[in-house]
Amino acid sequence: MNNSELAAEDLRYLWHPCTQMKDHEWLPLVPIRRGQGVWLEDFDGHRYLDAISSWWVNLFGHAHPYINDRISTQLKELEHVILAGFTHRPAVELARRLVQITPPGLDKVFFADNGSSAVEVALKMSFHYWRNAGKPEKREFVTLSNSYHGETLGALAVGDVQLYKETYEPLLLKAITVPSPDCYGREPGVSCEAHSREAFTATRAVLERHADSVCAIIVEPLVQCAGSMRMYDPVYLTLLRECCDELGIHLIADEIAVGFGRTGSLFACEQAAISPDFMCLSKGLTGGYLPLSAVLTSDRVYEAFYDDYTNLTAFLHSHSYTGNPLGCAAALATLDLLDDGSVLEKNRATAAYMSAAVADLEAHRHVGEIRQRGMILAIEMVADRSGLIAYPWQERRGLKVYQHGLKNGVLLRPLGNVVYFMPPYVIEQEHIDLMAQTARDGIHAATCD
Ligand SMILES: *Cc1c(COP(=O)(O)O)cnc(C)c1O
């Protein structure tokens with residue numbers, strides 16, 4: 001079997017995620033045969049450096065011997081069991097460890113099986129909490145512009161990436177959108193902190209106005225990943241926490257993409273020294289191995305549901321694969337690897353090396369900004385630097401960088417005009433050199449026509 005045979009067979013049967021399938025008339029699918037560390041290898045023997053951690057899920061590389069081992073050990077004992085009425089060791093141990101490592105005040109863990117489901121759980125729990133607490137009039141959600149929380153209808157409704165949302169608008173809950181505190185394109189001379197602080201003024205006004213009807217505000221702490229890796233200052237989260245406490249509004253932190261060390265701290269919320277009322281985790285949770293997600297919340301929220309059955313206050317939500325033991329085993333192995341305190345420290349050095357490797361692009365006439373938060377680095381391509389004029393989306397400049405990357409053995413998958421690195425933590429300097437050189441040449445090829 002070679003690449004083109006498998007690709008042809010694929011196109012007879014598969015419908016791929018986030019894809020206009022007609023593109024594959026001229027854009028070849030890449031069938032992957034195996035993965036090892038930062039590398040993916042196709043059926044023709046070409047290798048690709050996984051610079052985006054396979055959609056941000058992989059933390060310690062592909063085919064990690066320790067995670068492999070923990071999953072196969074678990075596989076010999078128990079592959080799956082219903083989690084209602086029954087329990088198992090990996091779920092119990094994982095819940096305990098998540099409570100221990102997340103910010104204080106997150107005491108209970110509800111498992112689901114993907115990121116969007118975790119967001120649905122958090123939204124329903126928040127609404128239901130207020131209902132159980134005698135405030136059924138609280139039924140609205142506040143979200144930041146340019147945010148992304150997944151693609152099931154509830155999660156889509158509280159997101160704001162028009163490309164994914166616009167078509168389905170008639171089906172969606174109406175969320176209240178406040179301006180993102182993102183620092184791109186702020187006034188010259190204004191610090192990111194001052195900008196994010198200023199953006200909070202508008203958020204506060206909206207929350208004050210709607211406090212009686214709002215259940216929660218949902219945010220992606222520090223980095224709006226699907227929204228082109230836009231970044232903001234932790235001060236926004238600190239102010240938001242204070243304001244939510246004051247007004248009686250829940251704070252939902254969607255750390256699905258930024259959790260587990262991505263932004264430099266184990267959880268992004270730590271950089272603002274806050275605890276949310278709900279924290280959603282997925283993606284890196286299993287090291288990029290298996291679909292699993294978790295929503296953490298406080299004992300206080302938990303207790304509002306705890307009552308006699310006939311009072312009908314229970315949270316009657318479930319997914320078939322909730323708390324799957326293999327997924328939990330992969331997550332426990334991932335936490336073991338993260339537990340070794342040297343990971344965050346090594347990431348600091350890796351992040352500094354990534355930054356230096358593309359520093360020269362700051363001067364490129366089609367680069368509007370290079371921004372970074374820990375192990376996420378983004379390069380914004382612009383038609384015109386003065387005024388940060390974006391390329392029209394129809395030109396698909398990012399796709400040119402993607403194609404250039406594949407030709408040169410690097411999987412880059414720009415979001416619109418934004419080329420980014422979000423590699424597995426095991427990436428070495430020589431890989432970073434290749435990744436940076438390929439991005440540099442790709443950006444040049446895509447912008448200098
Ligand atoms: C990926 C992502 C989701 C959705 O997770 P899925 O597992 O793809 O459903 C939600 N929120 C954020 C911030 C994400 O990055």
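Whatever order the structure lists them in is the order used to number ligands and atoms, beginning at 1.
- For ligand 1, residues of the protein lying within 4.0 angstrom by heavy-atom distance are Trp56, Asn114, Gly115, Ser116, Tyr148, His149, Gly150, Glu220, Asp254, Ile256, Ala257, Lys283.
- By the side-chain hydrogen bond (donor to acceptor under 3.5 Å, both in side chains) test, Tyr66 is found to be paired with Arg70, Asp336, residues two or more places apart in sequence or in another chain being considered.
- Partners of Phe141 by ring pair (Phe, Tyr, Trp, His ring centres under 6.0 Å), not counting sequence neighbours: none found.
- Residues Arg34 and Glu41 are paired through a salt bridge, judged by an N-O separation under 4.0 Å between the basic side chain and the carboxylate.
- Within a 6.0 Å sphere centred on CZ of Arg97, heavy atoms belonging to other residues, nucleotides or ligands number more than 12.
- With sequence neighbours excluded, no residue satisfies disulfide bond (SG atoms under 2.5 Å apart) with Cys244.
- Electrostatic pairing of Arg230 and Glu220 does not count as a salt bridge here, judged by no charged N lying under 4.0 Å from a carboxylate O.
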